[in-house]
Number of protein chains: 2
Amino acid sequence: MTVSRAEQKERTRRAIIDAALRQLSADKSFASLSLREVAREANIAPTSFYRHFKDMEELGLTLVDECGLALRQIMRKARKRIEKGGSVIYTSVQTFMEFIESSPNIFRLLFHERSGTTHGLRTAVAREIQYFVVELTDYICAIGYDKESAFAQAEAMVAVVFNAGAESLDAKPGQRKQIARRAVTQLRFIASGAKQHRMIKTKGVRT
Amino acid sequence: MTVSRAEQKERTRRAIIDAALRQLSADKSFASLSLREVAREANIAPTSFYRHFKDMEELGLTLVDECGLALRQIMRKARKRIEKGGSVIYTSVQTFMEFIESSPNIFRLLFHERSGTTHGLRTAVAREIQYFVVELTDYICAIGYDKESAFAQAEAMVAVVFNAGAESLDAKPGQRKQIARRAVTQLRFIASGAKQHRMIKTKGVRT
DNA sequence: AAATTGAGCGTACACGTGTACGCAAAAAAA
DNA sequence: TTTTTTTGCGTACACGTGTACGCTCAATTT
């Protein structure tokens with residue numbers, strides 16, 4: 001029953017990360033998390049924390065990375081669902097909302113630290129969201145939009161979806177369906193608005 | 001040089017509020033503000049704080065009220081500008097962006113506490129934003145949309161504008177114009193998308 | 001087998017926090 | 001004038017915080 005050093009170290013590191021994630025909630029943001037609290041939850045001495053992270057910010061960056069990864073995986077899942085047939089917009093919103101319902105704290109972390117108090121975290125979150133936007137931009141470009149309006153479209157869509165997600169967090173479960181439906185409507189607005197603008201630009205009506 | 005009690009009390013109250021607002025910045029959210037810090041800045045003893053507010057949350061609610069008020073005043077200003085001629089969308093975005101540039105901390109407070117850690121503040125902010133959305137909804141209804149799609153439209157627009165505002169906060173001054181322009185584009189997408197949906201519903205093409 | 005490395009712990013410290021309590025002094029009420 | 005009310009202050013306390021420092025002890029290297 002001997003474990004290698006590297007393995008043990010990785011375990012503890014994970015314990016810290018998981019402890020932090022476990023403590024996040026509607027009433028406890030990452031910013032209001034203390035090193036000692038995290039260490040306690042992870043069953044290590046406060047000072048042992050330093051063996052793994054320089055300070056809380058470094059842990060925060062790690063968390064944002066993980067959460068961003070989770071988000072990207074979700075979108076991959078959405079894409080697979082779409083390939084199997086189904087409205088792009090509806091399926092995407094649906095998948096996203098499921099994600100938020102199943103792990104609200106991950107979304108909370110990203111959403112809250114986006115306007116957070118430490119510059120490092122803020123830009124890290126911004127980067128994660130940019131991945132999102134860029135991916136969507138590429139997709140829209142592939143459908144035949146110029147880059148600029150594709151980006152505008154993608155950004156607006158992400159803003160709307162995130163907004164719906166945030167609403168969903170504090171909403172009673174009964175309202176969630178309605179929020180999702182509204183988000184779909186809003187995305188359709190954006191999509192057909194953009195389409196119309198493209199039509200105007202190319203000075204022809206095309207399907 | 002005698003001041004009435006009520007007057008003096010009001011002065012101190014304002015001193016506290018202003019002190020709190022003064023301390024808000026990119027690196028200091030309301031949540032990371034301590035009672036003692038605020039009291040220090042307001043030149044009163046920590047314990048005197050309690051003569052005016054039950055606790056920090058009550059101060060927070062007051063701040064949110066004030067900031068919401070400021071926001072609504074801005075929109076009134078925008079409406080006046082519009083009456084004097086000018087694109088609704090462009091003028092609104094422009095006014096909003098000016099507001100953010102001139103008092104970023106007020107916007108930051110609303111934006112950050114929207115996803116904040118205390119339920120009271122969160123709902124207070126949500127209410128302020130709802131005012132915004134509802135006003136816009138009414139306006140859109142008056143142009144001839146049904147309530148539901150008007151609301152969806154308004155909400156999406158506010159989401160997009162707030163998103164642009166948030167971007168603007170961390171952007172270099174040179175990028176701000178571009179962000180504003182993009183926001184205008186995005187709002188136009190939403191507007192013409194919604195219009196098109198209405199046209200489909202009424203089964204006729206109308207201007 | 002001996003030496004080195006490194007994760008983890010316990011102690012200790014200085015510091016900032018919220019707030020309970022009682023007192024001063026001046027305005028307001030009697 | 002006397003009494004009451006109320007703003008504000010100072011002291012005091014218990015508590016949670018980040019982190020410096022030195023130790024142990026087992027995995028790893030020599």
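Worth knowing before you read on, the calculation uses all heavy atoms, side chains too, and leaves out hydrogens, waters and symmetry mates.
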Self-check item: Euclidean distance, atom OH of residue B/Y50 to atom P of C/dC21 [Å, nearest integer]
Solution: 13 Å

Exercise. Return the value, rounded to whole Å, for the distance between atom CZ of A/F49 and atom C1' of D/dT17.
Key: 14 Å

Quiz item: So which pairs with a foot in residues 171-183 of chain B pass salt bridge (Lys or Arg N to Asp or Glu O under 4.0 Å), sequence neighbours left out?
Solution: A/E155-B/R182, B/E101-B/R176, B/E167-B/R182

Quiz item: Rounded to the Å, how far apart are B/R13 CZ and D/dT7 P?
Solution: 12 Å

Practice problem: Return the value, rounded to whole Å, for the distance between atom CD of A/E41 and atom P of D/dT17. | Solution: 13 Å

Exercise. Calculate the interatomic distance between A/L33 atom CG and D/dG18 atom P; express it in whole Å.
Key: 9 Å

Practice problem: Name all pairs fulfilling the ring pair (Phe, Tyr, Trp, His ring centres under 6.0 Å) condition that reach into residues 50-79 of chain B, sequence neighbours left out, sorted by first residue then second. | Solution: B/F49-B/F53

Exercise. Tell me whether the OP1 or OP2 atom of D/dC9 has a side-chain N or O from B/R40 closer than 4.0 Å.
Key: no

Quiz item: Which salt bridge (Lys or Arg N to Asp or Glu O under 4.0 Å) pairs, counting each pair once, include a residue from residues 35-48 of chain B, with sequence neighbours left out?
Solution: B/R22-B/E41, B/K28-B/E37

Exercise. Starting from the 5' end of DNA chain C, give me the residue, B/S34 or B/A6, whose nearest nucleotide shows up first.
Key: B/S34

Quiz item: Is the closest basic N to carboxylate O distance between A/R79 and A/E135 below 4.0 Å?
Solution: yes

Quiz prompt | Between D/dC9 (P) and B/L35 (CG): distance, integer Å | solution = 13 Å

Quiz item: Quick one: B/K54 NZ to C/dA20 C1', roughly how many Å, whole number?
Solution: 16 Å

Self-check item: Nucleic acid footprint by protein, nucleotides 3-11 of chain C - heavy-atom cut-off 4.0 Å, B for base, S for sugar-phosphate alone
Solution: --BBBBBB-

Self-check item: salt bridge (Lys or Arg N to Asp or Glu O under 4.0 Å) contacts touching residues 54-63 of chain A (sequence neighbours left out)
Solution: none

Practice problem: Could you check how far CZ of B/F53 sits from P of D/dT7, rounded to whole Å? | Solution: 13 Å

Quiz item: With sequence neighbours excluded, what pairs up with A/R127 under the salt bridge (charged side-chain N to carboxylate O under 4.0 Å, His left out) test?
Solution: none

